[in-house]
Amino acid sequence: MSAQLALFAETAPAPTKKRMRRIHPSVPEVPVTTVPTALLRAADWIVLNSSGGKDSQAMASHVCRLAAKLGLLHRVVIVHADLGDVEWSGTRKLAEEQARRLGVRFEVVKAEGGDLLARTVARFFKLKAKAEKEARDEGRDPATAKVAPAWPSSAARWCTSDLKRGPIRKLMTRLVAELGDLGRPVRILNCMGQRAAESALRAKLAAVEIDRPASNGKRHVTTWRPIHGWTDAEVWKEIARSGLPYHEAYDWGMSRLSCSFCVLGCEADVVLAARLRPRKAAQYIAVEEKVGTDFKHGLSMRTIVERANALNAEYGELYRPPRGTALSGYVGKKATRRYLDRLARGLLDQAA
């Protein structure tokens, strides 16, 4: 187990009271427009959320191309929420390199209070204390109290709110302060790489909407999902067109990025991640044992590692694939060779 996890004593942290937040009356309920060029022109800041993954990369190059045509690149900020060692190695540097090649400002934010594993342990003790208190209040034996799962899940995505959304909203506060008093709320266009093809839940998301919880009397935040309707093929074609580097995890066979072991990821991805990052997988097993529940509902990290080891025994250790392996599956070998050549020469295509 990591030294960070050892910092948590087996006692629950002091409970905190949640504040009920009211939406400022100036915040609109619906966006004034959904036209991309109008959204960009109206924004004081254009914030591009980058996980370092293929979707946020394609979104960033696509939006920057539009912004460049309008002469608005000076308003663009790419932000990466640093997740620490739970994300793939080199992700932060890759996001920064992409921003550099696009010629826009780059910001990194990071949540205080530990990474996902440390927070899962802390959350477990908090939930345990709550369950035991409820049992005592009801006259039951606290030792028999059922503790809710501490790991994040599709129903409780606290990892996103705590490690990404919260820190990025703090950046928004700084960006507002940089502009000073405009005599009106600062307009922030918050761009996300979420796509309908990823899941049924994301398919229901609007391409453009007002982020009322993130807005207040000083800033109005509009969420824009520029590639919401794109297919996987369209994402990879944009990567090939732009000439931006993508993360090597895709060449290894991963279908998504950000956290190496994502609770929402498919089994094939987490098993592959366990083959590539066995030491990190062992840390997840240690946390599973501490909190008493599986990393994924119905699928423990121990089982994931067993399946990874079985594949290693049958097929041998993984060998580094050729650069461009993932891309060539969508655009072909010839286009991939052109992409790799442009990448090596640092050529970026911002043209139509």
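Quantities reported herein were computed from a predicted structural model and do not represent experimental measurements.
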Between K93 and E97, does at least one N-O distance fall below 4.0 Å, as a salt bridge requires? no
Are any side-chain N or O atoms of [X] and backbone N or O atoms of [Y], one a donor and one an acceptor, separated by less than 3.5 Å?
{"X": "H74", "Y": "V104", "answer": "no"}
{"X": "R337", "Y": "G332", "answer": "no"}
{"X": "R123", "Y": "A150", "answer": "yes"}
{"X": "Y330", "Y": "K237", "answer": "no"}
{"X": "S215", "Y": "D211", "answer": "yes"}
{"X": "R212", "Y": "P28", "answer": "yes"}
{"X": "E198", "Y": "R195", "answer": "yes"}

Determine the minimum heavy-atom distance between [X] and [Y], stating which atoms define it.
{"X": "L264", "Y": "R256", "answer": "O-NH1, 3.7 Å"}
{"X": "R136", "Y": "P142", "answer": "CG-CG, 3.2 Å"}
{"X": "R225", "Y": "Q194", "answer": "NE-OE1, 2.6 Å"}
{"X": "M301", "Y": "I285", "answer": "CG-CG1, 3.6 Å"}

Have [X] and [Y] got a donor and an acceptor in their side chains that come within less than 3.5 Å?
{"X": "R219", "Y": "T173", "answer": "yes"}
{"X": "Q283", "Y": "K280", "answer": "yes"}
{"X": "E238", "Y": "S61", "answer": "yes"}

Does R302 count as lying over the ring of F295, i.e. NZ or CZ under 6.0 Å from the six-ring centre, within 45 degrees of the axis? no
Heavy-atom check, side chain of L244 versus side chain of R342, under 4.5 Å: no
Given the rule that I, L, V, M, F, W and Y join up when any side-chain heavy atoms are under 4.5 Å apart, are M59 and L40 in one cluster?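 Yes, M59 connects to L40 through the hydrophobic network.
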Measure the [atom1]-[atom2] distance between [X] and [Y] for me, rounded to the nearest 0.5 Å.
{"X": "S51", "Y": "W88", "atom1": "OG", "atom2": "CH2", "value": "13.5 Å"}
{"X": "I46", "Y": "N190", "atom1": "CD1", "atom2": "CG", "value": "11.5 Å"}
{"X": "L117", "Y": "D85", "atom1": "CG", "atom2": "CG", "value": "9.0 Å"}
{"X": "T223", "Y": "L39", "atom1": "OG1", "atom2": "CG", "value": "11.0 Å"}
{"X": "L94", "Y": "L257", "atom1": "CG", "atom2": "CG", "value": "8.0 Å"}

With a cut-off of 6.0 Å (strictly less than), are more than 12 heavy atoms of other residues, nucleotides or ligands near NZ of K296?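 Counting other residues, nucleotides and ligands, NZ of K296 exceeds 12 neighbours.
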Stepwise salt bridge (charged side-chain N to carboxylate O under 4.0 Å, His left out) test for D251 and R323: CA-CA 7 Å; D251 287 338; R323 191 76 174 100; 3.0 Å; yes
Can R165 and T160 be said to form a side-chain hydrogen bond (donor to acceptor under 3.5 Å, both in side chains), step by step? CA-CA 6 Å; R165 191 161 58 236; T160 300; 5.8 Å; no
Do any pairs count as a ring pair (Phe, Tyr, Trp, His ring centres under 6.0 Å) and have a residue in residues 190-230, sequence neighbours left out, and if so which ones? H62-W230
